[in-house]
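One structure below.
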Amino acid sequence: ATSSISATPGMPSKQARAPSTSTGFSNWAMQEIENAMLLQSINPQDRAIFQLRYFDGYSAEEIAQMMNLPPGTIRSKLSRCRKFLKQNLE
């Protein structure tokens, strides 16, 4: 498993980097805090599934085995998380 975010339609394809200017850094830091708070607002089980998929790089099938859930349930939860994040990041 990798520690970078996977390229998936509707999801960021690169890791965020802090800008060099102090104002840019402040805006970047606030955005990162807001993103972290948004992730924390997701149901803990769904957040764990999302993190395993997009931050740790596990497949839906691997997550299903880890969590003793059907792969379709994992894919459904991932879809709901993506939709929630997309709606709240716009």
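Basis for what follows: all heavy atoms, side chains included, without hydrogens, waters or symmetry-related copies.
- Contacts classified as salt bridge (charged side-chain N to carboxylate O under 4.0 Å, His left out) and involving residues 35-49 (residues at least two apart or in different chains) are given here: Asp46-Lys77.
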Which pairs would a plain distance check flag for residues 62-75, meaning a side-chain donor or acceptor within less than 3.5 Å of a matching protein atom at least two apart in sequence or in another chain?
residue : atom : partner : partner atom : Å
Glu62   : OE1  : Ser59   : N            : 2.8
Glu62   : OE1  : Ser59   : OG           : 3.4
Arg75   : NH1  : Glu61   : OE2          : 3.0

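- Summarising the geometry, atom SG belonging to Cys81 is positioned 7.5 Å from atom CD1 belonging to Ile49; distances are rounded to the nearest 0.5 Å.
- Contacts of Gln31 classified as side chain to side chain donor-acceptor pair (under 3.5 Å), with partners at least two apart in sequence or in another chain: Asn35.
- For Ser76, the side-chain contact (heavy atoms from CB on, under 4.5 Å) partners two or more places apart in sequence, or in a different chain, are Arg80.
- Counting only heavy atoms from C-beta outward, the side chains of Phe55 and Leu39 approach each other to under 4.5 Å.
- No donor-acceptor pair closer than 3.5 Å links the side chain of Asp56 to the backbone N or O of Tyr58.
- Note that CD of Glu34 is 9.0 Å distant from CG of Leu38, once rounded to the nearest 0.5 Å.
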